[in-house]
Amino acid sequence: PDGARLPFLCLVPHPDEVPDSSLSHMAGVVGREFGSDGTAFFADQNGIAYDKLFATLDAHQHDGQPVLLFATSLAMAHVLEEMERTKRAFALPAGSRLMDTGGFKGRRREVSPEDLRVQYGELLGIPATHCVNEYGMTEMCSQFYDDGLRSIVRNTPAHGRAKRSPPWVRTTVVDPETLAPLQPGTPGLLRHFDMANYASVSAIQTEDVGVIVDGGFLLHGRAPGASPRGCSIAMDMLLDIARESR
């Protein structure tokens, strides 16, 4: 929201390696359109290139260049584990930020977004104000982002990390049994109407629990009994498999 052009350090495979991955495609497009020199990818089918990533973070820590870390939430959990194991920590330059995406429950771990943000500050020097979580799904052309950093830059009221919707998206919350719309403030299943889904299904009924608040909606996670899904889980499985094969 401040117009910063930063090197994107992407902890997903390069889109040329996984052409069917919507997440890698997104990282490639956004890095090309909004990033700067130094944008790079630090993951492949063998996992995260930790040594290369840590060398890059160390270089930017000393040259004063702010960076943007782009990763799934559970990939960042792997990075933080490796940093603790190898006793590393960085103080990235002011203005650095992090965008994580996907859920917080993997095949062998569950982490809370609050705990991750604390570790982002302690081990990377990125304050919670500059950590933005993204919520989206392969069935939708649009995404939703925390409003914290945007609110700080624009000096507008924050709404407790509410997910903001683009103007062409409408999100409602419905009763999980009747699917009747619920009033703001009442938790239920999220339903999204996305006009960007041209020539596709515009209404998406999810099994994600949330509540409508001023400025957007708060995401509470998956409904009890719902099947786990998402790019964060897929990346977590890849990294676990890569770790077990070493």
Original post:
Any chance the rings of Tyr120 and His130 have centres within less than 6.0 Å?
Top reply: no
**OP:** Output all residues satisfying side chain to side chain donor-acceptor pair (under 3.5 Å) with Ser165, sequence neighbours left out; order by chain, then residue number.
**Re:** none
Subject >> Nearest non-hydrogen partners of Pro7 and Pro66, listed with the distance >> reply: CD-O, 3.3 Å
**OP:** For atom NE2 of His25, decide whether the heavy atoms of other residues, nucleotides or ligands shown that lie under 6.0 angstrom number more than 12.
**Re:** no
Subject >> Thr129 side chain near Leu149 side chain, heavy-atom distance below 4.5 Å >> reply: no
Subject >> From Met140 atom CE to Ser200 atom OG, the distance as rounded to the nearest 0.5 Å >> reply: 10.5 Å
Original post:
Between Phe90 and Leu116, is there a shared hydrophobic cluster once you connect ILVMFWY residues whose side-chain heavy atoms come closer than 4.5 Å?
Top reply: yes
Original post:
Looking only at atom types and distance, does a side-chain atom of Thr206 sit under 3.5 Å from a main-chain N or O of Leu190, one as donor and one as acceptor?
Top reply: yes
Subject >> Thr172 (side chain) donor-acceptor with Pro181 (main chain) under 3.5 angstrom >> reply: no
**OP:** Hey, can you tell me if Tyr135 and Phe217 have their rings parallel, tilted or perpendicular (30° and 60° cut-offs)?
**Re:** perpendicular
Original post:
Which heavy atom in Pro1 sits nearest to a heavy atom in Arg150, and how many Å separate them?
Top reply: CG-CA, 3.7 Å
**OP:** Answer yes or no: is there a donor N or O on one side and an acceptor on the other, between the side chain of Asp100 and the main chain of Ala71, under 3.5 Å?
**Re:** no
Original post:
What distance separates Leu74 CG from Leu11 CG, expressed to the nearest 0.5 Å?
Top reply: 12.5 Å
**OP:** Establish whether Val18 and Ile48 are linked, either directly or via other cluster members, by ILVMFWY side-chain heavy-atom contacts under 4.5 Å.
**Re:** no
Subject >> Worked verdict on Val132 versus Leu98 for side chain to side chain contact (heavy atoms under 4.5 Å, CB included) >> reply: CA-CA 6 Å; Val132 177; Leu98 183 147; over 6 Å; no
Original post:
Would you say Asp208 and Met137 make side-chain contact, with heavy atoms under 4.5 Å?
Top reply: yes
Original post:
Tell me, do Phe193 and Arg191 make a side-chain contact under 4.5 Å, heavy atoms counted?
Top reply: yes
**OP:** Return yes when atom CG of Asp51 has more than 12 non-hydrogen atoms of other residues, nucleotides or ligands closer than 6.0 Å, and no otherwise.
**Re:** no
**OP:** Check for a donor-acceptor pair, side chain of Arg97 on one end and backbone N or O of Gly95 on the other, with a separation under 3.5 Å.
**Re:** yes
**OP:** State the CD1-OG1 distance between Ile212 and Thr186, to the nearest 0.5 angstrom.
**Re:** 10.5 Å
Subject >> Arg88 and Thr86: side chain donor to acceptor below 3.5 Å >> reply: yes
Original post:
Which value, rounded to the nearest 0.5 Å, describes the distance between Ser202 atom OG and Met195 atom CE?
Top reply: 6.5 Å
Original post:
Looking only at heavy atoms, what is the nearest atom pair of Val201 and Ile204, with distance?
Top reply: O-CD1, 4.0 Å
**OP:** Check the hydrophobic clustering (I, L, V, M, F, W, Y; side-chain heavy atoms under 4.5 Å; chains of links allowed) and say if Val111 and Leu124 are grouped together.
**Re:** yes
Subject >> Check against ring pair (Phe, Tyr, Trp, His ring centres under 6.0 Å), Phe144 and His192 >> reply: CA-CA 11 Å; Phe144 308 88; His192 308 292; 4.9 Å; yes
Subject >> Side-chain donor/acceptor of Ser96 to backbone N/O of Pro93, under 3.5 Å >> reply: yes
Original post:
Can you check whether Ala196's main-chain N or O pairs, donor with acceptor, with Asp194's side chain at less than 3.5 Å?
Top reply: yes
Original post:
Do Val173 and Leu189 have side chains that get closer than 4.5 Å, going by heavy atoms?
Top reply: no
Original post:
Under 6.0 Å from the CD atom of Glu114, do we count more than 12 heavy atoms belonging to anything else shown?
Top reply: yes
**OP:** For residues Glu84 and Glu122, determine if any side-chain heavy atom of one lies less than 4.5 Å from a side-chain heavy atom of the other.
**Re:** no
**OP:** Check for a donor-acceptor pair, side chain of Asn197 on one end and backbone N or O of Cys141 on the other, with a separation under 3.5 Å.
**Re:** yes
**OP:** Working to the nearest 0.5 Å, report the span between CG of Asn133 and CE of Met99.
**Re:** 8.0 Å
Original post:
With the 4.5 Å side-chain cut-off for hydrophobic clustering, are Ile126 and Ile152 part of the same group?
Top reply: no
Subject >> Straight-line distance of Glu81 CD to Tyr50 OH, nearest 0.5 Å >> reply: 7.5 Å
Subject >> Donor-acceptor contact present, side-chain Asp147 to main-chain Ser151, <3.5 Å >> reply: no
Original post:
Can you pull the side-chain hydrogen bond (donor to acceptor under 3.5 Å, both in side chains) pairs that have at least one residue in residues 27-39, sequence neighbours excluded?
Top reply: none
**OP:** Give a yes or no on whether Met76 and Val118 share a hydrophobic cluster (residues Ile, Leu, Val, Met, Phe, Trp, Tyr; joining criterion: side-chain heavy atoms under 4.5 Å apart).
**Re:** no
Original post:
Step by step, would you call Leu68 with Leu9 a side chain to side chain contact (heavy atoms under 4.5 Å, CB included)?
Top reply: CA-CA 6 Å; Leu68 185 147; Leu9 311 184; over 6 Å; no
Subject >> Heavy-atom donor-acceptor pair, Arg170 side chain to Pro167 backbone, under 3.5 Å >> reply: yes
Original post:
Quick check: does any side chain N or O of Thr56 sit under 3.5 Å from a backbone N or O of Lys52, one acting as donor and the other as acceptor?
Top reply: yes
Subject >> ring-ring contact (aromatic ring centres under 6.0 Å, His included) partner of His14, the single match among Phe41, Phe8, Phe42 >> reply: Phe41
Original post:
Do the side chains of Lys163 and Asp146 get nearer than 4.5 Å, heavy atoms only?
Top reply: yes
